[in-house]
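Have a look at the structure below before the remarks.
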2 protein chains.
Amino acid sequence: MELFQGLSPVALADTMLCARTHELRAETRIFYQGDRAGRAYALIEGGVRISQSGSDGEQVVIRFVAPGEMFGTVALFTDRRYPAEAVTLTQSVALSWSEADMSELMTRYPRIAINLVGILGRRLQEVQERFREIATQSVERRIAHALLRLAEKAGESTGQGTEIDFPLTRKHVAEMSGTTLYTVSRILTRWEKSGWIVTSNQRVTLRDFSRVMRIAEDGVD
Amino acid sequence: MELFQGLSPVALADTMLCARTHELRAETRIFYQGDRAGRAYALIEGGVRISQSGSDGEQVVIRFVAPGEMFGTVALFTDRRYPAEAVTLTQSVALSWSEADMSELMTRYPRIAINLVGILGRRLQEVQERFREIATQSVERRIAHALLRLAEKAGESTGQGTEIDFPLTRKHVAEMSGTTLYTVSRILTRWEKSGWIVTSNQRVTLRDFSRVMRIAEDGVD
DNA sequence: CGTCGGTTTGAATATACTCAAAGCCCGTGG
DNA sequence: CCACGGGCTTTGAGTATATTCAAACCGACG
């Protein structure tokens, strides 16, 4: 839990005291886009998808949250409305803090604020990179990047290769990489036929990691 | 200067003590992408363009910096390398702080860290929105959004309408909206013929603000 | 007056989208 | 245990949108 790194045991006890625990089943909406932002969350177990939709309903996936990461935190410090919605991918466990408690904690233990700056900084850099990619690269490269990021975040090493260990539809991959589910299907099918990846039951396994990296970097296929 | 908002006069004096002043002519590179990040900057006067380039040279404009904003700050708190380059658009004045001084200030006056969280949070939300736009909207709408954002940030109200008061090439607009300079040229020419905007000498003036907003929102033209 | 950076415009083309339809897999309920 | 239904995926055909490349143009500035 990066946010609370470097805190004293006492401070940690303090933060845990005012945390609330949530046990959530798969496909549960934790908050809606536009909701008044009341709580900040930390994922303990499972997976969460954060998506943003525009006025006419087009959605994009902002990110996937893996255990150990925070979500819904930024809104507390900006306009107090969640700018996106959060939905569990699988059965999950999360902790949450109220706005008041979180502010209190941050002023009492400034280290938390500093940690948060680092976290937000890294997320900012990641979105900026994704922005550059979508602005300049072919769909194929973007899809490769998307899978690599997911593998980095939630990759389980199996006998077959690296498995991304939460359920992933073509639609979600499309919404991550700024394309359509049809194009994703065509490309993943091609990769699967070539043996670089395996997909089954909404799980994707990268069999030839370095090959996917080559696609991401050179656009070679 | 949002970063130092809410500080006591003493604290402010402290921060100014360790600031360095830079007077820069137009088109000066302040730092390169990949440079070891040594200093955080605040723009006092002028304008700065932050662009990121990929391995094969494709560039995008991450943002334009207007007076009162910080830049080059995030890198100090992440991997210590600037993730983008900064170039002045016009003659400019900036302040800067060393990494050591900035850390020192932030621990002495935690309010600075909290302010920074707010700043980064808002920037994060903006990039995420731009990401959604580029992922889901037509080029025309994206260009409209780009101009509106610039007008918001650096709009001067003139007799003709709202003028974006720094120099802006077709190329830069293209790099903001994820398209080519040719497409930007075609679209801006069309808008100009219709009378929604005026461009001259790398300055863009929005004559019919609400019309441009309609394009941004509906894609109607 | 010439040059250089930026802009416009045309024609040809590619890339990825749209829409439609069929197929597959999985879990459910009979 | 098998059949059914629903969600997800695949695939094809046709097409739009925006890109690419080439060339001419414009205008500011030395």
Side-chain angles (χ1 to χ4, degrees), chain A residues 25-27 49 56-61 87 89-91 133-144 146-147 164 166-194 197-205 215 219-221, chain B residues 25-27 49 56-61 87 89-90 133-144 146-147 164 166-194 197-204 215 219-221:
Chain A
R25 34 188 72 265
E27 297 290 322
R49 167 175 23 96
D56 30 335
E58 354 81 8
Q59 277 210 335
V60 296
V61 172
V87 177
L89 297 162
T90 59
Q91 196 170 329
E133 286 171 11
I134 203 176
T136 63
Q137 301 179 353
S138 70
V139 167
E140 184 155 25
R141 289 181 69 178
R142 277 143 50 192
I143 294 175
L147 294 189
I164 295 167
F166 38 61
L168 207 56
T169 66
R170 303 294 182 249
K171 185 110 202 296
H172 293 149
V173 177
E175 288 176 350
M176 294 183 69
S177 33
T179 179
T180 63
L181 77 97
Y182 307 104
T183 301
V184 171
S185 173
R186 285 183 230 278
I187 288 177
L188 291 193
T189 304
R190 182 145 48 81
W191 291 355
E192 185 153 20
K193 278 180 183 147
S194 310
I197 66 169
V198 180
T199 75
S200 114
N201 203 15
Q202 305 193 26
R203 303 282 161 163
V204 177
T205 305
I215 297 173
V220 178
D221 61 341
Chain B
R25 33 187 72 266
E27 296 291 325
R49 168 176 20 98
D56 31 335
E58 355 80 7
Q59 277 209 332
V60 295
V61 172
V87 177
L89 297 161
T90 58
E133 287 171 11
I134 202 177
T136 63
Q137 301 179 351
S138 70
V139 167
E140 184 155 24
R141 289 181 70 177
R142 277 141 51 191
I143 294 174
L147 294 189
I164 296 166
F166 37 61
L168 207 57
T169 66
R170 303 292 182 252
K171 185 108 202 296
H172 293 150
V173 176
E175 289 176 351
M176 294 183 69
S177 34
T179 178
T180 64
L181 77 98
Y182 308 105
T183 301
V184 171
S185 175
R186 286 181 229 277
I187 288 177
L188 291 193
T189 304
R190 180 145 51 80
W191 291 355
E192 186 153 20
K193 278 180 182 146
S194 311
I197 65 169
V198 179
T199 74
S200 114
N201 202 15
Q202 305 194 25
R203 302 281 161 165
V204 177
I215 298 173
V220 178
D221 60 341

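What's counted below: heavy atoms across the whole structure, side chains too, no hydrogens, waters or symmetry copies.
In this structure, the CD1 atom of B:Ile143 is 13 Å from the C1' atom of D:dT19, given to the nearest Å. A straight line from CD1 of A:Ile134 to C1' of C:dA16 spans 13 Å, rounded to a whole angstrom. Put simply, CG on A:Leu181 is 10 Å from P on D:dT10, counting in whole angstrom units. Between A:Arg170 atom CZ and C:dC17 atom P there is a gap of 16 Å when expressed in whole angstrom units. Regarding A:Arg190, its CZ atom lies at a distance of 16 Å from the C1' atom of D:dT9, rounded to whole Å. Between the CD atom of B:Gln137 and the P atom of D:dA16 there is a distance of 21 Å, rounded to whole Å. Atom-to-atom, CD of A:Glu192 to C1' of D:dT9 comes out at 11 Å; the value is rounded to the nearest Å. Taking atom CZ of A:Arg142 as the reference point, atom C1' of C:dT15 lies 11 Å away to the nearest angstrom.
A residue-by-residue look at B:Asn201 and B:Val184 shows that B:Val184 has its nearest nucleotide of DNA chain D further toward the 5' end.
For B:Thr179, the listed nucleotide lying nearest its side chain is D:dA18; candidates were D:dA18, C:dT8, C:dG6. Among C:dT8, D:dT10, D:dA18, the nucleotide with an atom closest to any side-chain atom of B:Ser138 is D:dA18.
Annotation: the span from B:Thr136 atom OG1 to A:Gln59 atom CD amounts to 10.5 Å, rounded to 0.5 Å. One distance of note links CD of B:Glu133 with OG of B:Ser138; it measures 10.5 Å at 0.5 Å rounding. Between A:Leu168 atom CG and A:Met176 atom CE the span is 7.5 Å, to the nearest 0.5 Å. Atom CD1 of residue A:Ile143 and atom CD of residue A:Glu140 lie 7.5 Å apart, to the nearest 0.5 angstrom. Considering CZ of A:Arg142 and OG1 of A:Thr183, their distance stands at 9.5 Å, rounded to 0.5 Å.
Put simply, B:Thr180 has a side-chain N or O that comes within less than 4.0 Å of OP1 or OP2 on D:dT19.
The shortest heavy-atom contact between A:Arg203 and A:Ile164 is CD-O, 4.1 Å. Of all heavy-atom pairs spanning B:Leu181 and B:Ala174, the tightest one is N-CB, 3.6 Å.
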Nucleotide N/O of nucleotides 11-14 of chain D paired with protein N/O under 3.5 Å:
unit_1, atom_1, unit_2, atom_2, d
D:dG12, N7, A:Arg186, NH1, 3.0
D:dG12, O6, A:Arg186, NH2, 3.0

Between protein and nucleic acid, restricted to nucleotides 1-7 of chain D and to nitrogen or oxygen atoms under 3.5 Å apart, what atom pairs and distances do you find?
none

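A donor-acceptor distance shorter than 3.5 angstrom exists from the side chain of B:Glu192 to the backbone of B:Thr199, with no hydrogens or angles considered. Side-chain atoms of A:Ser194 come within 3.5 Å of backbone N or O of A:Arg190 as a donor-acceptor pair.
A:Ser200 comes within 4.0 angstrom of no nucleic acid atom, judged by non-hydrogen atoms across all strands. Within 4.0 Å of A:Leu188, counting heavy atoms only, lies no atom of the nucleic acid at all.
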